[in-house]
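Here, residue 1 is the first one in the sequence, and each next residue gets the next number. The model shown is predicted, which means the values in this text are computed figures rather than measured ones.
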Amino acid sequence: MARVRYGARTEVEIGAARAASSRLPDIWSTGVVAVWESDPDAVAAVLPPPLKPTGRPLVRVNISKVDLPGYPLGAGSFAVAAAHDGVEGWYPLVMPMTHERALIGGREVFGEPKKLGEVTVERDGLVVRAALARHGIEFVEVRGAVSGALPLPEPTQKTDFYFKFLPAVDGSGFDADPVLVHCVRNEKVRKLERITGDVVLRESMYDPVADLPVRELVGITLGEKTTDQKGRVVERVSGQALLPYIHQRYDDPQQILDGPPEGST
C-alpha cells in the first residue's frame, strides 16, 4: 500500500526533524525599530494582569525583512513596555507575519499574537520607509532618512511576554487556565544606523494602535541583526482576569464564541 501521508510519522522521521531544527544557522534580518513615549494610562490599560507598567510608558515597533533561504519573510511587532516578577520586557499587541509558517509556530508554541499581514521595508539611498498593514490599512508607517552610523551594541538578551491559551469549546472562557510565557531572545547586531524621521499611526478597527500615540520620539534605527529565542512557562494565570483582554488576539472576538452548527462535522 502506498504511504498514507496523514498517517503517523516514525520515530526516525521525528528525530530527524528535531535535529534539523537544532542546526539552523544564524538568520539575519534587516529592520527598522522605532521607540517612543506614549500615554501612560493607555499603556497600562492594555496590560493584562499580572503584567505591570514599567517606570516609562514606552512603545516599540519593529518592522523587518528576514533572509530565510528561498523563503523571505516579512515580520513585525508592535509592543508596549511591561514588567513581571522583577523582569522588564515587552508585551506585543500584534505581530504581523507575511507567511503562515511563521504565524502558526509562534501562536501555537509560544502564544505570540501573530496575524497574517503585509510588511514593507524599503531603502532608496538614504531614504527609508517601513510599514505594517492588514485588511488594506497601513496602520503603522515609519519614515525618514539615514543620518549616521551607530556603534554596534554588545550581544544582549531581551524578554517578551506572551499569554498562551485555548478558548473553551463551549464558549465560556478557556479550556484550562492560561499560562504566562517569558520568551528570551539573544540578539546580535552587525550593522546599525540612526534614522531621522517620524512615526505615523493610522486608525484601524482591526489593529487600534492609534490609541498609543507618539508623545515623545525616543529614536529610530535601521539595523541588521540575528536572534534566537527560548520560551518558558513561568506561571498559570487567572482565566477570569485575562478574559477581558482576549479580543487583543482576534480581529473579531465573537468568532471564539461561535460554535459549529448543530449536526455539522
Side-chain angles (χ1 to χ4, degrees), residues 29 31-49 51-54 56-66 73-83 88-98 102-103 106-107 110-122 128-144 158-163 183 185 195 197-222 242 244-256:
S29 65
V32 169
V33 177
V35 179
W36 63 91
E37 284 195 8
S38 190
D39 184 317
D41 291 335
V43 170
V46 301
L47 294 175
L51 298 183
K52 297 180 179 179
T54 64
R56 197 175 179 191
L58 296 178
V59 179
R60 180 194 69 187
V61 63
N62 189 329
I63 307 173
S64 300
K65 291 288 190 179
V66 187
L73 170 70
S77 174
F78 187 102
V80 299
E88 291 196 359
W90 298 92
Y91 174 60
L93 295 171
V94 61
M95 300 176 68
M97 301 284 136
T98 56
L103 181 151
R107 284 177 68 101
F110 294 99
E112 294 173 326
K114 290 184 173 180
K115 299 178 180 179
L116 286 174
E118 299 172 20
V119 178
T120 301
V121 180
E122 301 171 330
V128 174
R129 178 180 177 275
L132 299 176
R134 299 181 63 250
H135 300 290
I137 302 169
E138 201 170 74
F139 59 93
V140 181
E141 181 184 15
V142 183
R143 56 198 184 187
K158 298 180 179 179
T159 301
D160 278 357
F161 304 115
Y162 306 122
F163 291 94
C183 184
R185 289 185 168 82
I195 302 294
D198 60 2
V199 177
V200 179
L201 305 178
R202 297 187 178 91
E203 178 59 36
S204 169
M205 63 178 291
Y206 305 104
D207 304 288
V209 300
D211 293 346
L212 295 154
V214 181
R215 292 286 175 84
E216 181 179 347
L217 186 61
V218 175
I220 306 173
T221 59
L222 173 67
L242 182 61
Y245 299 86
I246 195 174
H247 64 281
Q248 295 175 344
R249 192 68 56 90
Y250 304 97
D251 288 346
D252 178 9
Q254 186 64 34
Q255 69 186 18
I256 66 169

Next on the checklist: Could you report the tightest heavy-atom contact between Y245 and A45, atom names first, then the distance?
Outcome noted: CE2-O, 3.5 Å

Checklist outcome for this item: Nearest heavy-atom approach of A34 to I220 is CB-CG1, 4.0 Å

Checklist entry - So do F78 and L212 actually touch side chain to side chain, heavy atoms under 4.5 Å? => result yes

Checklist entry - Would you say R215's side chain and D39's backbone share a donor-acceptor pair under 3.5 angstrom? => result no

Item to check | Heavy-atom side-chain proximity of S77 to R60 below 4.5 angstrom | outcome: yes

Item to check | Close side-chain approach of N62 to W90, heavy-atom, < 4.5 Å | outcome: no

Item to check | Contact summary for M97 and A102, nearest pair of heavy atoms | outcome: SD-CB, 4.0 Å

Checklist entry - Are side-chain heavy atoms of V199 and E141 found at a separation under 4.5 Å? => result no

Item to check | Inter-residue atom distance L242.CG - L51.CG, 0.5 Å rounding | outcome: 9.5 Å

Next on the checklist: Please find the pair of heavy atoms, one from L201 and one from A210, that lie closest to each other, and give the distance.
Outcome noted: CB-CA, 4.1 Å

Item to check | Over all atoms of both residues, closest heavy-atom pair of A42 and D211 | outcome: CB-O, 3.5 Å

Item to check | Closest non-hydrogen atom pair, S64 against V119 | outcome: O-CG1, 3.6 Å

Item to check | Value rounded to 0.5 Å, distance of CZ in R143 from CD in E122 | outcome: 13.5 Å

Checklist entry - Mind checking whether L93 and V209 have side chains closer than 4.5 Å, heavy atoms only? => result no

Next on the checklist: Under a 3.5 Å distance rule, please check whether S38 uses its side chain to pair with a backbone N or O of V214 as donor and acceptor.
Outcome noted: no

Item to check | Trace of the side chain to side chain contact (heavy atoms under 4.5 Å, CB included) decision for V94 with F139 | outcome: CA-CA 11 Å; V94 61; F139 59 93; 4.3 Å; yes

Checklist entry - Taking atom CG of L116 and atom CG of L103, what is their separation to the nearest 0.5 Å? => result 5.0 Å

Item to check | L47/K52 under side chain to side chain contact (heavy atoms under 4.5 Å, CB included): CA gap, chis, key distance, verdict | outcome: CA-CA 7 Å; L47 294 175; K52 297 180 179 179; 5.7 Å; no

Checklist entry - Could you give the distance from OH (Y91) to OG1 (T54), rounded to the nearest 0.5 Å? => result 15.0 Å

Next on the checklist: Whether E138 and R129 form a salt bridge (side-chain N of Lys/Arg under 4.0 Å from carboxylate O of Asp/Glu) is what I want to check.
Outcome noted: yes

Checklist entry - Is any side-chain heavy atom of V32 less than 4.5 Å from a side-chain heavy atom of T221? => result no

Item to check | Trace of the side chain to side chain contact (heavy atoms under 4.5 Å, CB included) decision for M95 with Y162 | outcome: CA-CA 12 Å; M95 300 176 68; Y162 306 122; 4.0 Å; yes

Next on the checklist: Between F163 and Q248, is the side chain to side chain contact (heavy atoms under 4.5 Å, CB included) condition met? List the steps.
Outcome noted: CA-CA 11 Å; F163 291 94; Q248 295 175 344; over 6 Å; no

Checklist entry - Going by heavy atoms in the side chains, are L132 and I63 under 4.5 Å from each other? => result yes

Next on the checklist: Would you compute the distance between atom NE2 of H135 and atom NZ of K115 and round it to the nearest 0.5 angstrom?
Outcome noted: 7.0 Å

Next on the checklist: To the nearest 0.5 Å, what is the distance between NZ on K65 and CG on L73?
Outcome noted: 8.0 Å

